[in-house]
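Keep in mind that what you see is a predicted model, and the values were worked out from it rather than measured.
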Amino acid sequence: QVQLVESGGGLVQAGGSLRLACAASGLHFRSYTMAWFRQAPGKEREIVAVISWSVSVTYYADSVKGRFTISRDNDKNTVYLQMNDLSPEDTAVYYCAAPKRDLVYSTTISGYDFWGQGTQVTVSS
C-alpha cells in the first residue's frame with residue numbers, strides 16, 4: 001500500500017522560505033514521477049511542480065517559476081519542494097502526489113492517484 005507523508009509546512013512571513021518534504025513508501029520510488037499540488041480556500045486544487053522518475057523532466061506552474069524548486073533523493077525515498085520569496089498568494093494546503101503506475105509522467109491532476117494528507121503553508125504580510 002502506498003503512503004505519502006508531507007512535512008515542513010508552517011507559518012512564514014512574506015519574502016521568507018520553506019522546504020517541504022514528502023516521504024514515500026509502498027512503491028518503487030525511483031521509478032515514479034512525483035508531484036506537488038496546492039489548494040487554497042475556495043479554490044480548485046492546482047498543480048505546483050512535477051519531477052520525473054529520471055529527474056530529467058520537471059514542470060512548474062507559471063505562478064511559482066523562479067521561486068520554487070522540486071527535487072528528489074531516491075536513496076531516501078523523498079521528494080522536496082524548496083519555496084523561496086513566499087507571498088500571501090502562496091498560502092494553501094500543499095499535497096504530495098504520485099501516479100497509479102510507475103514510468104508515467106503527467107502535468108494534470110487526473111494523472112495522479114495517490115495523495116498525502118497535506119501540509120499547511122501560511123504566508124503572512
> State, to 0.1 Å, how close P99 and Y32 come at their nearest heavy-atom pair, and which atoms those are.
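In this case the closest contact between P99 and Y32 is O-CE2, 3.4 Å.
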> Rounded to the nearest 0.5 Å, what's the gap from OH on Y94 to CZ on R45? Could you check?
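Y94 atom OH to R45 atom CZ measures 13.0 Å (nearest 0.5 Å).
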> So does V5 get a backbone contact from the side chain of Q117, meaning a donor-acceptor N/O pair under 3.5 Å?
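Between the backbone of V5 and the side chain of Q117 there is no qualifying donor-acceptor contact (under 3.5 Å).
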> Between the main-chain N or O of V123 and the side-chain N or O of T91, is there a donor-acceptor pair closer than 3.5 Å?
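Yes, because the side chain of T91 sits within donor-acceptor range (under 3.5 Å) of the backbone of V123.
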> Nearest 0.5 angstrom please: N84 CG to S17 OG, how far?
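Answer for the CG-OG pair, N84 versus S17, is 3.5 Å.
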> Check the hydrophobic clustering (I, L, V, M, F, W, Y; side-chain heavy atoms under 4.5 Å; chains of links allowed) and say if I70 and L27 are grouped together.
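Yes, I70 and L27 fall within the same hydrophobic cluster.
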> List the atom of A92, the atom of A40, and the distance in Å for their closest heavy-atom pair.
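Closest heavy-atom pair between A92 and A40: CB-N, 3.8 Å.
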> Decide whether E46 and Q39 meet the rule of one side-chain donor and one side-chain acceptor closer than 3.5 Å.
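Judged by distance alone, the side chains do not pair up.
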> Mind checking whether V104 and Y59 sit in one hydrophobic cluster, side chains of I, L, V, M, F, W, Y counted as touching below 4.5 Å?
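Result: no, two separate clusters.
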> Under a 4.5 Å side-chain heavy-atom rule over Ile, Leu, Val, Met, Phe, Trp and Tyr, are V93 and Y112 clustered together?
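In one cluster with V93: Y112, yes.
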> Look up atom CZ in R19 and atom OG1 in T69, then write down how far apart they are to the nearest 0.5 Å.
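Here the rounded value is 10.5 Å.
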> What is the distance from atom OH of Y95 to atom CG of L4, rounded to the nearest 0.5 Å?
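CG of L4 is found 13.0 Å from OH of Y95.
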> Mark yes or no for whether R30, through its side chain, and S54, through its backbone, hold a donor-acceptor pair below 3.5 Å.
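No, the answer is negative, given that no donor and acceptor are paired below the 3.5 Å cut-off.
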> Are the side chain of E6 and the backbone N or O of G118 linked by a donor-acceptor pair below 3.5 Å?
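At least one qualifying donor-acceptor pair exists.
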> Before giving the answer on side-chain contact (heavy atoms from CB on, under 4.5 Å), spell out for F68 and L81 the whole-Å C-alpha distance, their side-chain angles and the decisive distance to 0.1 Å.
CA-CA 7 Å; F68 291 11; L81 185 68; 4.2 Å; yes
> Determine whether V79 and C96 make a side-chain contact, defined as any pair of heavy atoms from C-beta on separated by less than 4.5 Å.
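A side-chain contact under 4.5 Å exists here.
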> With clusters defined by side-chain heavy atoms of hydrophobic residues (ILVMFWY) lying less than 4.5 Å apart, directly or transitively, does V57 cluster with F37?
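Yes, same cluster.
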> Closest approach of C22 and M34, non-hydrogen atoms and distance?
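So the minimum-distance heavy-atom pair works out to SG-CE, 4.4 Å.
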> Is there a side-chain contact (heavy atoms from CB on, under 4.5 Å) between V50 and W36 once you walk through the steps?
CA-CA 6 Å; V50 180; W36 288 96; over 6 Å; no
> Please tell me whether Y80 and V48 are part of a single hydrophobic cluster in this structure, the criterion being side-chain heavy atoms less than 4.5 Å apart.
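Looking at the clustering, V48 is in a separate group from Y80.
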> Can you tell me which residue pairs pass the salt bridge (Lys or Arg N to Asp or Glu O under 4.0 Å) test with a partner in residues 97-106, sequence neighbours excluded?
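Sorted pair list comes back empty.
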> Check G111 against S106 and note the closest heavy-atom contact, atom names and distance.
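For G111 versus S106, the nearest heavy atoms are CA-OG, 3.5 Å.
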> Going by distance alone, is a donor N or O of one side chain under 3.5 Å from an acceptor N or O of the other, for T78 and D73?
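No - no donor-acceptor pair under 3.5 Å links their side chains.
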> Quick one: pull up CD in Q13 and CG in L11 and give me the separation to the nearest 0.5 Å.
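If we round to the nearest 0.5 Å, Q13:CD and L11:CG are 8.0 Å apart.
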> Give a yes or no on whether the backbone of I51 and the side-chain of T58 come within a donor-acceptor separation of less than 3.5 Å.
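Not at all, since once roles are kept as given, no pair shorter than 3.5 Å links the two residues.
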> I need the D85 CG to R67 CZ distance, nearest 0.5 Å.
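D85 atom CG to R67 atom CZ measures 6.0 Å (nearest 0.5 Å).
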> Ignoring hydrogens and angles, tell me if any N or O in the side chain of Q3 forms a donor-acceptor pair with the backbone of G26 under 3.5 Å.
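Checking the backbone N and O of G26 against the side chain of Q3, no donor-acceptor pair under 3.5 Å is found.
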> For a 4.5 angstrom cut-off between non-hydrogen side-chain atoms, does V121 reach D90?
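Side chain of V121 against side chain of D90, heavy atoms only: no contact under 4.5 Å found.
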> Would you find a donor on one side and an acceptor on the other, under 3.5 Å apart, between the side chain of T33 and the backbone of S52?
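Side chain of T33 to backbone of S52: no pair is present.
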> Before giving the answer on side-chain contact (heavy atoms from CB on, under 4.5 Å), spell out for T122 and V12 the whole-Å C-alpha distance, their side-chain angles and the decisive distance to 0.1 Å.
CA-CA 6 Å; T122 303; V12 65; over 6 Å; no
> Test side-chain contact (heavy atoms from CB on, under 4.5 Å) on L20 and Q82 and set out the steps.
CA-CA 6 Å; L20 306 183; Q82 178 66 47; over 6 Å; no
